[in-house]
Q: 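Okay, handing you the structure first.
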Amino acid sequence: NMEEGLKFAANYIPEDRKGRIVLLTDGVETNGNSAKQSTFFSGRNLELDAMAFQPPFVEDVSLQAFHTPQSSFEGEAVPFQIGLEANVDTTATLHITQNNETVIKEEIIVSKGTNNYSYSIPLADPGLYTFKAEIFPNQDKIVENNISHSLTQVSGQPKVLMVDQDGAGDNVFRALDASGWKVDRIQ
């Protein structure tokens, strides 16, 4: 907060004395408004020197997005959408677990900028599935942004309740059954 920092420094210099404040900054004002301090300094004999510096370049690959559907049906293939941001070209290992068991472990090429990957796996049984995606880049200095989680609730296979009279729906029943639908039939 440059505004508060400048105000704090100026308050340490008595109003009847000449003073100098040196500000070392990356120029990114995250909070406050340092331009307001120009009115605070008016009428005072204060000199302000600002020295801008660039933060060091840090190689980083971050996992920005990991999406699975909130719900699915047993036997369906569940799609994964993974989004990475990188400020360097590198290679990495992408590791995805389902309920703490590895389902995908793949070496990938990561390009500088936005990288998107898609996968899918079938889920055979109903239940709540927890997924964890982790990226292990060969060049990366910030590891805290390399992991994400997602949940998917898998329901049992949908059923069709068919009500017909005296076998009038035999053709429909055979068509549904041949298509793999579970059909509860009441005649």
Side-chain angles (χ1 to χ4, degrees), residues 1-13 19-38 40-41 46-72 76-125 127-154:
N1 186 336
M2 284 191 276
E3 177 185 359
E4 289 297 317
L6 290 170
K7 191 174 186 178
F8 180 78
N11 284 332
Y12 269 94
I13 301 171
R20 181 180 198 178
I21 298 171
V22 177
L23 174 66
L24 301 175
T25 178
D26 63 359
V28 178
E29 195 157 15
T30 57
N31 200 5
N33 184 351
S34 60
K36 282 184 183 178
Q37 291 310 307
S38 62
F40 180 75
F41 291 157
L46 294 176
E47 183 178 336
L48 175 64
D49 292 327
M51 174 69 135
F53 63 89
Q54 292 293 322
F57 175 80
V58 176
E59 297 165 333
D60 185 38
V61 176
S62 64
L63 204 159
Q64 295 289 314
F66 176 49
H67 300 288
T68 62
Q70 288 183 345
S71 62
S72 182
E76 284 186 335
V78 173
F80 300 124
Q81 305 292 322
I82 296 118
L84 303 177
E85 278 295 323
N87 65 2
V88 64
D89 292 329
T90 188
T91 58
T93 301
L94 177 63
H95 190 233
I96 299 175
T97 60
Q98 165 194 313
N99 297 340
N100 296 321
E101 292 185 26
T102 299
V103 292
I104 295 171
K105 187 171 186 178
E106 181 174 278
E107 292 297 316
I108 59 173
I109 296 172
V110 180
S111 301
K112 186 176 182 178
T114 301
N115 297 263
N116 293 305
Y117 304 89
S118 297
Y119 300 90
S120 65
I121 61 164
L123 299 177
D125 300 314
L128 182 65
Y129 288 82
T130 60
F131 298 98
K132 178 171 71 170
E134 291 181 273
I135 188 79
F136 299 96
N138 291 330
Q139 297 176 342
D140 188 29
K141 301 292 184 198
I142 305 172
V143 297
E144 293 82 8
N145 58 12
N146 294 355
I147 190 168
S148 187
H149 296 84
S150 186
L151 296 172
T152 298
Q153 177 68 48
V154 176

Q: Is the side chain of Asp89 donor-acceptor paired with the backbone N or O of Lys112 at a distance under 3.5 Å, no angle test?
A: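 Between the backbone of Lys112 and the side chain of Asp89 there is a qualifying donor-acceptor contact (under 3.5 Å).
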Q: Taking Asn87 for the side chain and Asp60 for the main chain, is one N or O donor matched with an acceptor at less than 3.5 Å?
A: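 Between the backbone of Asp60 and the side chain of Asn87 there is a qualifying donor-acceptor contact (under 3.5 Å).
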Q: Please confirm whether the backbone N or O of Pro69 pairs with a side-chain atom of Thr152, one donor and one acceptor, at under 3.5 Å?
A: yes
Q: Measuring from Ile121:CD1 to Ile96:CD1, what's the distance to the nearest 0.5 Å?
A: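 Reported to 0.5 Å precision, the distance equals 8.5 Å.
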Q: Would you say the side chain of Asn116 lies within less than 4.5 Å of the side chain of Gln81, judging by non-hydrogen atoms?
A: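 Answer no - side chains too far apart.
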Q: Could you go through His95 and Thr102, starting from their C-alpha distance and side-chain angles, then the distance that decides it, and tell me whether this counts as side chain to side chain donor-acceptor pair (under 3.5 Å)?
A: CA-CA 7 Å; His95 190 233; Thr102 299; 2.8 Å; yes
Q: What are the two closest non-hydrogen atoms of Ser72 and Val78, and how far apart are they?
A: OG-CG2, 3.8 Å
Q: To the nearest 0.5 Å, how far apart are CZ in Phe136 and OG1 in Thr93?
A: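 Interatomic distance, Phe136 CZ to Thr93 OG1, rounded to 0.5 Å: 8.0 Å.
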Q: Sub-3.5 Å donor-acceptor pair from the side chain of Asp140 to the main-chain atoms of Asn138, do we have one?
A: no
Q: Are Glu85 and Thr114 packed together at the side-chain level, in the sense that at least one heavy-atom pair is separated by less than 4.5 angstrom?
A: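 The answer is yes, as the side chains (C-beta and beyond) meet within the 4.5 Å cut-off.
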Q: Mind listing the closest non-hydrogen atom pair of Gln139 and Val61 along with its distance?
A: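 Residues Gln139 and Val61, closest heavy atoms: O-CG2, 3.9 Å.
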Q: Relative to the ring of Phe66, is the ring of Phe131 parallel (under 30°), tilted (30 to 60°) or perpendicular (over 60°)?
A: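 It falls in the perpendicular class, over 60°.
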Q: How long is the span from the CD atom in Glu106 to the OH atom in Tyr119, to the nearest 0.5 Å?
A: 3.5 Å
Q: When rounded to the nearest 0.5 angstrom, what is the spacing between CD in Glu134 and CD1 in Ile82?
A: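 Atom-to-atom, Glu134:CD and Ile82:CD1 are 12.5 Å apart.
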Q: If I compare all heavy atoms of Pro137 with all of Ala92, which pair ends up nearest, and what's the gap?
A: CA-CB, 3.5 Å
Q: Can you see which heavy atom on Ile142 is nearest to which on Asn145, and at what distance?
A: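 Nearest pair, atom of Ile142 first, then Asn145: O-OD1, 2.8 Å.
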Q: Give, for atom CD1 of Ile135 and atom CD1 of Ile147, the distance between the pair rounded to the nearest 0.5 Å.
A: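 Interatomic distance, Ile135 CD1 to Ile147 CD1, rounded to 0.5 Å: 11.5 Å.
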Q: Determine the minimum heavy-atom distance between Ile109 and Tyr117, stating which atoms define it.
A: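 In this case the closest contact between Ile109 and Tyr117 is O-OH, 2.8 Å.
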Q: OG1/Thr130 to CG/Asn100 distance, rounded to the nearest 0.5 angstrom?
A: 6.0 Å
Q: Minimum heavy-atom separation for Ser120 and Pro79, please, with both atom names.
A: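 Heavy atoms only, the tightest pair is CB-CA, 3.9 Å.
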Q: Can you find a heavy atom in the side chain of Leu123 that is under 4.5 Å from one in the side chain of Gln98?
A: yes
Q: When the ring planes of Tyr12 and Phe8 are compared, do they come out parallel, tilted or perpendicular, using 30° and 60° as the limits?
A: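 If you compare the ring of Tyr12 with that of Phe8, the planes turn out perpendicular.
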